2 protein chains.
Amino acid sequence: MTNTVPAGTTKVSIEFRPHDKVTRVPPGMTIFNAANWIGLPIDSTCGAKGTCGKCKVRILRGQNGATAADRRIFSEEEIADGWRLSCRSEANSDVVCHVPRLMGNPKAALMGFDRHVILNANVYKIPLTLTPPSLEDQRSDFSRIRDALEPEGYAIEASLNLLRQLPGVLRRSNWQVTAVIVGHELVSVEEGDTSSRSFGLAFDIGTTTVVGMLIDLNSGAPVAVQSALNGQAVQGADVISRISYTMLNEGGLAELNEVILRTLNGLIARLLEEGQVAAHEVYEVVTAGNATMQHLFLGVDPEPIGLEPFIPAVEDMVQASAHEIGLNIHPQAQVHCLPYLGAYVGADLVAGLLATGLAQNDGVRLLVDVGTNGEIILGSAARTVATAAPAGPAFEGAQIQDGMRASEGAIEAVTITRDGVELQVIGDVPPIGLCGSGLLDAVAQLRLSGLLLPSGRFVKAEDATQLVAPDLARRIITGDEGRRSFVLAWPEEAGGDRPIVLTQRDVRELQFAKGSIAGGIDVVMQELGVGADALVEIYLAGSFGSYINPQSARIIGLVPPVPVERIKAVGNAAGEGAKIALLSFRERMVARSLPQIVEYHELSGRGDFNDSFLAVLQFPELETLGLEQSVEASPA
Amino acid sequence: MTNTVPAGTTKVSIEFRPHDKVTRVPPGMTIFNAANWIGLPIDSTCGAKGTCGKCKVRILRGQNGATAADRRIFSEEEIADGWRLSCRSEANSDVVCHVPRLMGNPKAALMGFDRHVILNANVYKIPLTLTPPSLEDQRSDFSRIRDALEPEGYAIEASLNLLRQLPGVLRRSNWQVTAVIVGHELVSVEEGDTSSRSFGLAFDIGTTTVVGMLIDLNSGAPVAVQSALNGQAVQGADVISRISYTMLNEGGLAELNEVILRTLNGLIARLLEEGQVAAHEVYEVVTAGNATMQHLFLGVDPEPIGLEPFIPAVEDMVQASAHEIGLNIHPQAQVHCLPYLGAYVGADLVAGLLATGLAQNDGVRLLVDVGTNGEIILGSAARTVATAAPAGPAFEGAQIQDGMRASEGAIEAVTITRDGVELQVIGDVPPIGLCGSGLLDAVAQLRLSGLLLPSGRFVKAEDATQLVAPDLARRIITGDEGRRSFVLAWPEEAGGDRPIVLTQRDVRELQFAKGSIAGGIDVVMQELGVGADALVEIYLAGSFGSYINPQSARIIGLVPPVPVERIKAVGNAAGEGAKIALLSFRERMVARSLPQIVEYHELSGRGDFNDSFLAVLQFPELETLGLEQSVEASPA
């Protein structure tokens, strides 16, 4: 009898009438949050604290005992009739309930990728006109504020910092103040009516780039957007080298923590300047980023993330004050770091799930963040699975003979025409090398031209002349020990003294990288028992994923063979998701429960992953993609 | 329907079977806490967090819906049968319940004044042997700890600080750790099994003296006790001068905050040294002190306490971390400041209530802390009322011609014999002046001798010779304008060149001081409708109260005329109460609810107080006290 039921073992169904919506959620989720999960906005003004009484539902079927909050709000008869506060009522078995009241005119906005998000920030600014104390009314300053907020449905706690401000502010303002409540906490009391000024920050803390958005929490509008390079680039280009830095350098963790805080505080200064907002007017922050970036941001040792078996210190949503963390905004502002699904499926992907609604919608979708690690999430509201596949640095242009990062002079797109090559180069300069998206394009175009075989081998130079025009065929060159390459740019085209080439070895590197990701996708598709036909959409996310040509991804077999129009680049999904979690407390609750709901599968040491990997190393035959050898490249 | 019922308007009764105990408590109190209130130790190992399942009771009569915690612990049938977790079950109407299980062999100790206190500290140290992570078990470090603690009945939260320690500690200790839980918070994870080392601090922060006790939370035994002068004495001797200091000096509040922290940290260093305890082994602190001392300790502006209408910033129990406050112990140790009943009935009195059990026992008792302010609490478990009466500095020897503080050379006790005066002097030195307890004795003895009339006037010198022996009568001297005094020590007895005297004006000062306190007592006795006969005991508390001769207090009418054996000095009741709240979470919950339960009556501007004051300015007639003019002093 004293054993607790482990959460998440099985799901319960909740039916909402008269809306005829049903959802299946892990037991223990509140009816209110279950409704948010499917976008049904039950009314509430107290942030699901059981105090405003607006989220009432009537339980028609299923067990749901009355809570202490119910007893405060409802009469005996109403409780006997099944009335409950949905924000306090946890569903532990199947429930059918009647919802009398949705939000009247909920403020909503289209955010992320066609997501209709209800705006309800977790920051409440309540103007109060207090009765001054007297010998007949000697309540303390804090009790006076608390008693004034109680009828409005707010049950608050106060920090020491607030108590330190309180006597002065109340008396200077002549008892006309604005209470600032974040969650359950009274974080500030301001002089006069300041309720029109309420701001929050959403950050995507990328390994390379950090994007910050300053948002007006009243309107939901972005006030300013800024980005900056992550200052930690000096200590290493990728996650693993950052972790190594903390391991190899005395004080390395503290140093990387300081560096990212400097980057963020620099961004904050620019955002506040651009938006004409004061630091103390920013009360809440949501961050997304991979597990390593969030650990370094919090000053928590990431070392175990870098070593098998890859363990983060925490996977839940972490909450701390801006003061504790070291952000230059209101010291009691709450900072929420979105949770992770695994050491290598980080909060950026959780944010991506919010931005795409993948785990909340019907229809199976695939979200792939292509990078050094391929992060893969597949599923729908019914079931969602995730994994991470180690792709190596090929997509970043490393380990590629003429590879480079996506900066000035990088070939970012390639088209092979009847008798030549068209290159798209970053910046108005001659090409210097090949970045990830260019690499993908080059290989895909070579597959289309017939110059590259499904096995990944170049055709022999003598065979090339049979296949394509002489000017193109000449670009297949043979080096030492018969190793073939393809010349993307001759020295005169590259404006230098040597050509830019794609080597046989480069193609192999790409094969391994795409094979790992495709193998991971294969594993989760098998796990879910779905084929490519079932995929409604494929989202390519992450700073690299957004630049991939969907057709190229398809041709090389990086993603399953769906019609190309179903493959979408979703840009900065992490930033969008962080913004959604900032502006919608309901969506933030969804994000918080994602780690319990999404099943994470570790690939390391899994036999079926190795099988899948080997099976997808080859490039797909063109006909399986409904393509034929490209006309442009057919022999003259 | 959306209105909440204001707490404390009326009480509900809770009957506990088979113990046949009944208590009346404010609605909303949990059944568990109501049982603690009357000392019935319902079993619990999780600190009333709804997780261990041991505090179950069966509701036989009264409304009590099942909570989410009940649903986790009990089956449907058990819930239908009325089983509930008493720690979650709030009583909002009269309840009859059956308690199947009290604590088996609860560790208890006699503390305070004949109080049988159940020892259950709020600090839990749980040794854990964790399964190391693997590719098959990639839970985060925090989840691993949380999951290991859940079957033990602990539901925890973690701070950023803890997350920062966690990866290192777990791996250095090879997954053998001790979790340190304070309340709901996992404050520390220590290498190996450290469960035998757990300490707490209880402080009585007096205006003059600070007393600290270092307590072994496992055994309940004090490990070390130290006291020190409050370093703020330099900035003013009493509460009002300290408040003035903050008002008149730029940075005065910060300065006084630093000074008291220096005093406390000095005490802590000595306590740790004496007890051979490391700073990080101290996890919890309870403080008692008047409202001004606690405000200055927390760095909260006390100015509004000093000005009508006398408003503290907060009256509830304040909780903050040692780090936030600035105490040199475990940075995440929780510091709990006991609550107040009013601006001038502070946490020292709340601690006094714990130490005496006044508000929890049957039988009406009176607790009086005599000082610059008389703090007065009267009542029993049925009803308790409190007030504060401004007594002025007479009891501290100020405004008295030969008055002084209770230090070396002060006359602290006086006996008038047949033909002379016997003085008890602090230290082995000739008398220099008169401190409060000596003043009280002198006046009381003069009343007994007949040399001082009920009106407070000395008899004329010529009448004195009729009443007492000549050597004694000579001590009544007449100065300018016929003002009479009583010589306590002739110059040769005082070892100086002038006598130590008690003037007519001194007697008047004492009359006003005692009249104010006696008037306050009169008001609360009228409020409760009880006379002196009903008083089971009178407790004299506070640094001054403990030194008063109970008989003298009775003779001058400072306290109601009860048999002298019912008047007890209770020494450092504040320190004892703080210790009780540290060692017994149950008693701390009682302390927390005292401000809601004890009715505070403000005397300022109250007509009936002025009437009472005037009525008790005179000294009582000896016969009303069952006394007659003292034999020793009767004429030869």
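Numbered from 1 within each chain, the chains take letters A, B, ... in sequence-line order. All values reported here derive from a predicted model rather than from experimental measurement.
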(message) Only pairs of heavy atoms separated by less than 4.5 Å count here; which of A:Arg146, A:Glu136, A:Arg88 has the most with chain B?
(response) A:Arg146
(request) With a 4.5 Å cut-off on heavy-atom pairs, point out which of A:Leu298, A:Asp301, A:Ile305 contacts chain B the most. (result) A:Leu298
Return yes if some donor-acceptor pair links the side-chain N/O of [X] with the main-chain N/O of [Y] below 3.5 Å, else return no.
X: B:Asp70; Y: B:Leu85; answer: yes
X: B:Arg58; Y: B:Arg84; answer: no
X: B:Ser86; Y: B:Cys55; answer: yes
X: B:Arg144; Y: B:Arg139; answer: yes

Under a 4.5 Å heavy-atom cut-off, does chain A meet the side chain of [X], its backbone, both or neither?
X: B:Arg171; result: side chain
X: B:Ser134; result: backbone
X: B:Val314; result: both

(request) Select one option (side chain, backbone, both, neither) describing which atoms of A:Tyr600 are under 4.5 Å from chain B's heavy atoms. (result) side chain
(message) Can you tell me which portion of A:Asp316 sits under 4.5 Å from chain B's heavy atoms? Options are side chain, backbone, both or neither.
(response) side chain
(request) Sort by residue number and list every member of residues 319-327 of chain A having a non-hydrogen atom under 4.5 Å from chain B. (result) A:Ala320, A:Glu324, A:Ile325
Taking the side chain as every heavy atom from C-beta outward, state whether [X] and [Y] have any atom pair closer than 4.5 Å.
X: A:Leu170; Y: A:Val189; answer: yes
X: B:Thr287; Y: B:Phe297; answer: yes
X: B:Ile243; Y: B:Pro302; answer: yes
X: B:Ile156; Y: B:Leu149; answer: yes

(request) Considering only NZ, NE, NH1 and NH2 on the basic side and carboxylate oxygens on the acidic side, decide whether A:Lys56 and A:Glu78 come within less than 4.0 Å. (result) no
(message) To the nearest 0.5 Å, what is the distance between CG on A:Leu135 and CD on B:Glu308?
(response) 4.0 Å
(request) Count the heavy-atom pairs under 4.5 Å between each of B:Pro167, B:Gly299, B:Ala313 and chain A, then report the option with the highest count. (result) B:Ala313
